[in-house]
**Q** 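Starting off with a structure, shown below.
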Amino acid sequence: MARSDDIMHVPPGLPIPVDDGACRHVPGMSLPSLYLPTTGGRAVNLAEMPGRTVVYVYPRTGHPDREPPTGWDEIPGARGCTPQSCAFRDHYQELRELNAALFGLSTQDTLYQREAARRLRLPFELLSDKMLAFQRALRLPTFEIEGMILLKRATLIAREGWIEKVFYPVFPPDRNAEDVISWLKPNP
(Lines give C-alpha, C1' and ligand atoms only; values in the text may rest on other atoms or scores of the structure.)
Protein backbone atom coordinates (compact mmCIF):
# COMPACT_ATOMS: atom_id res chain seq x y z
CA MET A 1 0.00 0.00 0.00
CA ALA A 2 1.45 3.36 -1.01
CA ARG A 3 1.49 6.40 1.23
CA SER A 4 -1.12 9.10 0.84
CA ASP A 5 1.56 11.81 0.51
CA ASP A 6 4.67 12.40 -1.60
CA ILE A 7 7.67 11.22 0.42
CA MET A 8 10.13 12.59 -2.15
CA HIS A 9 9.23 16.28 -1.76
CA VAL A 10 8.86 18.80 1.04
CA PRO A 11 5.23 19.97 0.94
CA PRO A 12 4.39 23.67 1.18
CA GLY A 13 2.99 25.12 4.36
CA LEU A 14 4.99 23.13 6.90
CA PRO A 15 5.66 24.83 10.24
CA ILE A 16 9.12 26.40 10.19
CA PRO A 17 11.38 25.45 13.10
CA VAL A 18 12.85 28.28 15.15
CA ASP A 19 16.31 28.38 16.68
CA ASP A 20 15.67 27.45 20.31
CA GLY A 21 19.40 27.56 21.13
CA ALA A 22 19.56 23.78 21.62
CA CYS A 23 22.73 23.47 19.49
CA ARG A 24 24.44 26.70 20.52
CA HIS A 25 26.93 24.76 22.69
CA VAL A 26 28.02 22.34 19.91
CA PRO A 27 30.53 24.39 17.84
CA GLY A 28 33.99 23.87 19.29
CA MET A 29 33.14 20.49 20.83
CA SER A 30 34.98 17.37 19.83
CA LEU A 31 33.07 14.57 18.20
CA PRO A 32 32.52 11.75 20.69
CA SER A 33 34.92 8.83 20.42
CA LEU A 34 32.50 5.98 19.86
CA TYR A 35 31.83 3.51 17.10
CA LEU A 36 28.52 3.70 15.26
CA PRO A 37 27.24 0.97 12.92
CA THR A 38 26.88 1.96 9.27
CA THR A 39 24.81 0.85 6.33
CA GLY A 40 28.11 -0.31 4.80
CA GLY A 41 28.45 -3.06 7.40
CA ARG A 42 31.24 -1.46 9.39
CA ALA A 43 31.59 0.69 12.49
CA VAL A 44 32.83 4.27 12.22
CA ASN A 45 34.35 6.49 14.89
CA LEU A 46 33.69 10.04 13.65
CA ALA A 47 36.27 11.42 16.11
CA GLU A 48 38.96 9.56 14.16
CA MET A 49 37.96 10.84 10.72
CA PRO A 50 40.78 12.76 9.02
CA GLY A 51 40.08 16.08 7.37
CA ARG A 52 36.56 17.42 7.03
CA THR A 53 33.45 15.44 7.89
CA VAL A 54 29.85 16.48 7.31
CA VAL A 55 27.22 14.69 9.40
CA TYR A 56 23.61 15.52 8.71
CA VAL A 57 21.47 14.47 11.66
CA TYR A 58 17.83 13.76 10.84
CA PRO A 59 14.76 12.38 12.65
CA ARG A 60 13.83 9.35 10.51
CA THR A 61 13.63 8.33 6.90
CA GLY A 62 10.10 7.54 5.83
CA HIS A 63 9.07 4.50 3.84
CA PRO A 64 6.97 4.79 0.67
CA ASP A 65 4.62 2.01 1.83
CA ARG A 66 3.98 3.28 5.36
CA GLU A 67 2.17 6.37 6.59
CA PRO A 68 4.18 8.77 8.76
CA PRO A 69 3.39 9.01 12.48
CA THR A 70 0.17 10.84 13.26
CA GLY A 71 0.86 14.58 13.49
CA TRP A 72 4.26 14.29 11.78
CA ASP A 73 3.75 17.28 9.48
CA GLU A 74 2.74 19.50 12.41
CA ILE A 75 6.11 19.06 14.17
CA PRO A 76 8.37 21.92 13.05
CA GLY A 77 11.37 20.48 11.20
CA ALA A 78 10.28 16.83 11.30
CA ARG A 79 9.23 16.39 7.67
CA GLY A 80 11.80 16.16 4.86
CA CYS A 81 14.35 13.45 5.72
CA THR A 82 14.07 11.70 2.36
CA PRO A 83 14.40 14.94 0.33
CA GLN A 84 17.36 15.96 2.51
CA SER A 85 19.09 12.61 1.94
CA CYS A 86 18.44 12.81 -1.80
CA ALA A 87 19.85 16.35 -1.94
CA PHE A 88 23.05 15.15 -0.26
CA ARG A 89 23.10 12.26 -2.73
CA ASP A 90 22.77 14.68 -5.64
CA HIS A 91 25.56 16.93 -4.29
CA TYR A 92 27.80 14.09 -3.09
CA GLN A 93 30.43 14.51 -5.81
CA GLU A 94 30.69 18.23 -5.10
CA LEU A 95 31.24 17.52 -1.40
CA ARG A 96 33.95 14.99 -2.31
CA GLU A 97 35.64 17.64 -4.47
CA LEU A 98 35.63 19.88 -1.39
CA ASN A 99 37.44 17.04 0.47
CA ALA A 100 34.54 16.38 2.82
CA ALA A 101 33.46 12.94 4.00
CA LEU A 102 29.69 12.63 4.37
CA PHE A 103 27.43 10.64 6.68
CA GLY A 104 23.76 10.76 7.59
CA LEU A 105 22.81 9.91 11.18
CA SER A 106 19.49 8.98 12.79
CA THR A 107 18.22 6.83 15.64
CA GLN A 108 16.77 4.26 13.23
CA ASP A 109 18.39 0.85 13.29
CA THR A 110 20.93 -0.14 10.66
CA LEU A 111 18.63 -2.67 8.99
CA TYR A 112 16.01 0.02 8.33
CA GLN A 113 18.67 2.50 7.23
CA ARG A 114 20.21 -0.08 4.87
CA GLU A 115 16.88 -0.46 3.05
CA ALA A 116 16.52 3.33 2.76
CA ALA A 117 20.11 3.78 1.52
CA ARG A 118 19.57 1.12 -1.13
CA ARG A 119 16.16 2.46 -2.20
CA LEU A 120 17.43 6.06 -2.40
CA ARG A 121 20.74 5.02 -4.05
CA LEU A 122 22.84 6.86 -1.46
CA PRO A 123 26.57 6.80 -2.31
CA PHE A 124 27.48 7.44 1.35
CA GLU A 125 26.83 5.57 4.58
CA LEU A 126 24.15 6.21 7.16
CA LEU A 127 25.03 5.86 10.84
CA SER A 128 22.73 4.47 13.49
CA ASP A 129 22.58 6.14 16.90
CA LYS A 130 19.85 3.79 18.05
CA MET A 131 21.20 3.80 21.61
CA LEU A 132 21.44 7.65 21.63
CA ALA A 133 25.12 7.58 22.64
CA PHE A 134 26.12 10.21 20.05
CA GLN A 135 23.11 12.32 20.99
CA ARG A 136 23.92 12.19 24.72
CA ALA A 137 27.62 12.96 24.19
CA LEU A 138 26.83 16.15 22.25
CA ARG A 139 23.54 16.91 24.03
CA LEU A 140 21.75 17.15 20.68
CA PRO A 141 18.07 18.08 20.81
CA THR A 142 15.41 15.40 20.46
CA PHE A 143 11.66 15.07 20.30
CA GLU A 144 9.32 12.17 20.97
CA ILE A 145 6.46 10.81 18.89
CA GLU A 146 4.62 7.49 19.11
CA GLY A 147 7.14 6.23 21.69
CA MET A 148 10.16 7.02 19.47
CA ILE A 149 12.89 9.38 20.62
CA LEU A 150 14.11 11.12 17.48
CA LEU A 151 16.86 13.63 16.78
CA LYS A 152 15.98 17.13 15.68
CA ARG A 153 17.49 17.99 12.32
CA ALA A 154 20.99 19.52 12.48
CA THR A 155 24.11 19.33 10.33
CA LEU A 156 27.60 19.24 11.82
CA ILE A 157 30.80 20.08 9.99
CA ALA A 158 33.92 18.82 11.74
CA ARG A 159 37.62 19.06 11.00
CA GLU A 160 39.94 16.43 12.49
CA GLY A 161 37.23 15.52 15.00
CA TRP A 162 36.39 19.07 16.13
CA ILE A 163 33.02 20.58 15.28
CA GLU A 164 33.54 23.89 13.53
CA LYS A 165 30.05 24.64 12.18
CA VAL A 166 26.49 23.63 13.04
CA PHE A 167 23.43 24.24 10.91
CA TYR A 168 20.42 24.34 13.25
CA PRO A 169 17.58 24.48 12.71
CA VAL A 170 17.72 23.10 9.18
CA PHE A 171 14.90 24.34 6.95
CA PRO A 172 14.00 23.64 4.29
CA PRO A 173 15.76 20.28 4.55
CA ASP A 174 16.09 19.77 0.80
CA ARG A 175 18.29 22.89 0.61
CA ASN A 176 20.69 21.80 3.38
CA ALA A 177 23.28 20.24 1.05
CA GLU A 178 23.52 23.48 -0.93
CA ASP A 179 23.87 25.49 2.29
CA VAL A 180 26.69 23.20 3.46
CA ILE A 181 28.52 23.56 0.14
CA SER A 182 28.07 27.35 0.25
CA TRP A 183 29.71 27.36 3.68
CA LEU A 184 32.53 24.95 2.76
CA LYS A 185 33.68 26.82 -0.36
CA PRO A 186 34.89 29.99 1.40
CA ASN A 187 36.06 28.01 4.47
CA PRO A 188 38.63 25.54 3.05
**Q** Considering non-hydrogen atoms only, spot the tightest contact between Ala100 and Leu184 and give its length.
**A**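 In this case the closest contact between Ala100 and Leu184 is CB-CD1, 4.2 Å.
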**Q** Could you tell me which non-hydrogen atom of Ala78 sits nearest to which non-hydrogen atom of Phe143, and how far apart they are?
**A**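 Minimum heavy-atom separation between Ala78 and Phe143: CB-CZ, 4.1 Å.
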**Q** Looking at His9, I want to see if its NE2 is surrounded by more than 12 non-hydrogen atoms of other residues, nucleotides or ligands under 6.0 Å.
**A**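 Atom NE2 in His9 is not packed in, count stays at 12 or less.
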**Q** Just do the side-chain contact (heavy atoms from CB on, under 4.5 Å) check on Leu95 and Phe88 with the steps written out, would you?
**A** CA-CA 9 Å; Leu95 287 162; Phe88 275 106; 3.7 Å; yes
**Q** Does a sphere of radius 6.0 Å around CE in Met131 hold more than 12 heavy atoms from other residues, nucleotides or ligands, not counting ones at 6.0 Å or beyond?
**A**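 Counting neighbours around CE of Met131, 12 or fewer heavy atoms of other residues, nucleotides or ligands fall under 6.0 Å, so no.
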**Q** Test side-chain contact (heavy atoms from CB on, under 4.5 Å) on Thr38 and Thr110; report intermediate values, then the result.
**A** CA-CA 6 Å; Thr38 76; Thr110 304; over 6 Å; no
**Q** Just do the side-chain contact (heavy atoms from CB on, under 4.5 Å) check on Met148 and Thr107 with the steps written out, would you?
**A** CA-CA 9 Å; Met148 297 179 286; Thr107 59; over 6 Å; no
**Q** Could you check whether atom NZ of Lys130 has more than 12 heavy atoms from other residues, nucleotides or ligands sitting under 6.0 Å from it?
**A**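 No, NZ of Lys130 has 12 or fewer neighbouring heavy atoms, counting only those of other groups under 6.0 Å.
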**Q** What I want to check is whether the side chains of Ser128 and Asp109 have a donor and an acceptor closer together than 3.5 Å.
**A**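 There is no such pair (donor and acceptor under 3.5 Å, judged by atom type) between the side chains of Ser128 and Asp109.
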**Q** With respect to Leu150, which candidate in Ser106, Pro59, Pro69 satisfies the side chain to side chain contact (heavy atoms under 4.5 Å, CB included) definition?
**A**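 Only match with Leu150 under side chain to side chain contact (heavy atoms under 4.5 Å, CB included): Pro59.
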**Q** Nearest 0.5 angstrom please: Thr142 OG1 to Arg139 CZ, how far?
**A**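 Between Thr142 OG1 and Arg139 CZ, I get 13.0 Å after rounding to 0.5 Å.
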**Q** Nearest heavy-atom pair of Cys81 and Arg153: which atoms, and what distance?
**A**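 Heavy-atom minimum between the residues: SG-NH2, 3.4 Å.
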**Q** What is the minimum heavy-atom distance between Glu125 and Gly40, and which atoms define it?
**A**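 Scanning both residues, the minimum pair turns out to be OE2-CA, 3.2 Å.
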**Q** Please examine the side chains of Tyr58 and Leu126, heavy atoms only from C-beta on, and report whether any two atoms are closer than 4.5 Å.
**A**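 The answer is yes, as the side chains (C-beta and beyond) meet within the 4.5 Å cut-off.
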**Q** Is the closest side-chain heavy-atom distance between Phe124 and Thr39 below 4.5 Å?
**A**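 The answer is no; the side chains never approach within 4.5 Å.
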**Q** Might you work through the salt bridge (charged side-chain N to carboxylate O under 4.0 Å, His left out) test for Arg52 and Glu164, ending with a clear yes or no?
**A** CA-CA 10 Å; Arg52 275 253 170 80; Glu164 57 184 344; 2.2 Å; yes
**Q** How close do Cys86 and Met8 get, counting heavy atoms only, and between which atoms?
**A**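 So the minimum-distance heavy-atom pair works out to SG-CE, 3.7 Å.
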**Q** What's the separation between atom CG in Leu102 and atom CZ in Arg89, rounded to the nearest 0.5 Å?
**A**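 CZ of Arg89 is found 12.5 Å from CG of Leu102.
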**Q** So, Gln113 and Thr61: side-chain donor and acceptor under 3.5 Å apart, yes or no?
**A**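 Looking only at side-chain atoms, Thr61 and Gln113 do not form any donor-acceptor pair under 3.5 Å.
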**Q** Regarding Gln135 and Asp129, do their side chains bring together a donor and an acceptor under 3.5 Å, going by distance alone?
**A**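 Checked: Gln135/Asp129 side chains show no N/O donor-acceptor pair below 3.5 Å.
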**Q** Linking Ile, Leu, Val, Met, Phe, Trp and Tyr through side-chain heavy atoms less than 4.5 Å apart, which residues share a cluster with Leu36?
**A**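 Via sub-4.5 Å side-chain contacts, Leu36 links to Val26, Met29, Leu31, Leu34, Val44, Leu46, Met49, Val55, Val57, Phe103, Leu105, Leu127, Phe134, Leu138, Leu140, Leu151, Leu156, Ile163, Val166, Tyr168.
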**Q** With a cut-off of 6.0 Å (strictly less than), are more than 12 heavy atoms of other residues, nucleotides or ligands near CZ of Arg96?
**A**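 Incorrect, the count does not exceed 12.
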**Q** Is there a path from Trp72 to Leu14 through hydrophobic residues (I, L, V, M, F, W, Y) whose side chains come within less than 4.5 Å of each other?
**A**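 Unlinked, Trp72 and Leu14 end up in two clusters.
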**Q** Applying the 4.5 Å side-chain criterion to the ILVMFWY set and letting contacts propagate, would Phe171 and Ile157 be lumped into a single cluster?
**A**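 Different clusters.
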**Q** Less than 4.5 Å apart, side chain to side chain, heavy atoms only: is that true for His63 and Arg119?
**A**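 Touching, per the 4.5 Å side-chain cut-off.
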**Q** Report the C-alpha separation of Asp20 and Lys152 in whole Å, then their side-chain angles, then the decisive distance to 0.1 Å, and conclude whether the side-chain contact (heavy atoms from CB on, under 4.5 Å) test is met.
**A** CA-CA 11 Å; Asp20 57 6; Lys152 287 187 178 182; 3.3 Å; yes
**Q** For the residue pair Gln84 and Val10, establish whether any side-chain heavy-atom pair is separated by less than 4.5 Å.
**A**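 With C-beta onward as the side chain, the pair stays apart.
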**Q** Taking only residues two or more places apart in sequence or in another chain, which ones pass side-chain hydrogen bond (donor to acceptor under 3.5 Å, both in side chains) with Tyr35?
**A**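 Counting only residues at least two positions away or on another chain, Tyr35 forms a side-chain hydrogen bond (donor to acceptor under 3.5 Å, both in side chains) with Glu48.
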**Q** Any carboxylate oxygen within less than 4.0 angstrom of a Lys/Arg side-chain nitrogen, looking at Glu97 and Lys185?
**A**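 Judged by the 4.0 Å cut-off on N to carboxylate O distance, Glu97 and Lys185 do not form a salt bridge.
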**Q** Quick check: closest heavy atoms across Thr70 and Glu146, and the distance to 0.1 Å?
**A**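 Heavy-atom minimum between the residues: N-OE2, 3.0 Å.
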**Q** To the nearest 0.5 angstrom, please state how far the CZ atom of Arg121 sits from the OH atom of Tyr92.
**A**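 With rounding to 0.5 Å, CZ (Arg121) is 15.0 Å from OH (Tyr92).
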**Q** Who clusters with Leu132? Use side-chain heavy atoms, under 4.5 angstrom, across I, L, V, M, F, W and Y, and order the result by chain and number.
**A**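 Leu132 shares its hydrophobic cluster with Ile149.
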**Q** State, with a plain yes or no, whether a side-chain heavy atom of Pro169 is found less than 4.5 Å away from one of Val18.
**A**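 No - every pair of side-chain heavy atoms lies 4.5 Å or more apart.
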**Q** Pair Tyr56, Ser85 - check side chain to side chain donor-acceptor pair (under 3.5 Å), show working.
**A** CA-CA 9 Å; Tyr56 71 96; Ser85 294; 2.9 Å; yes
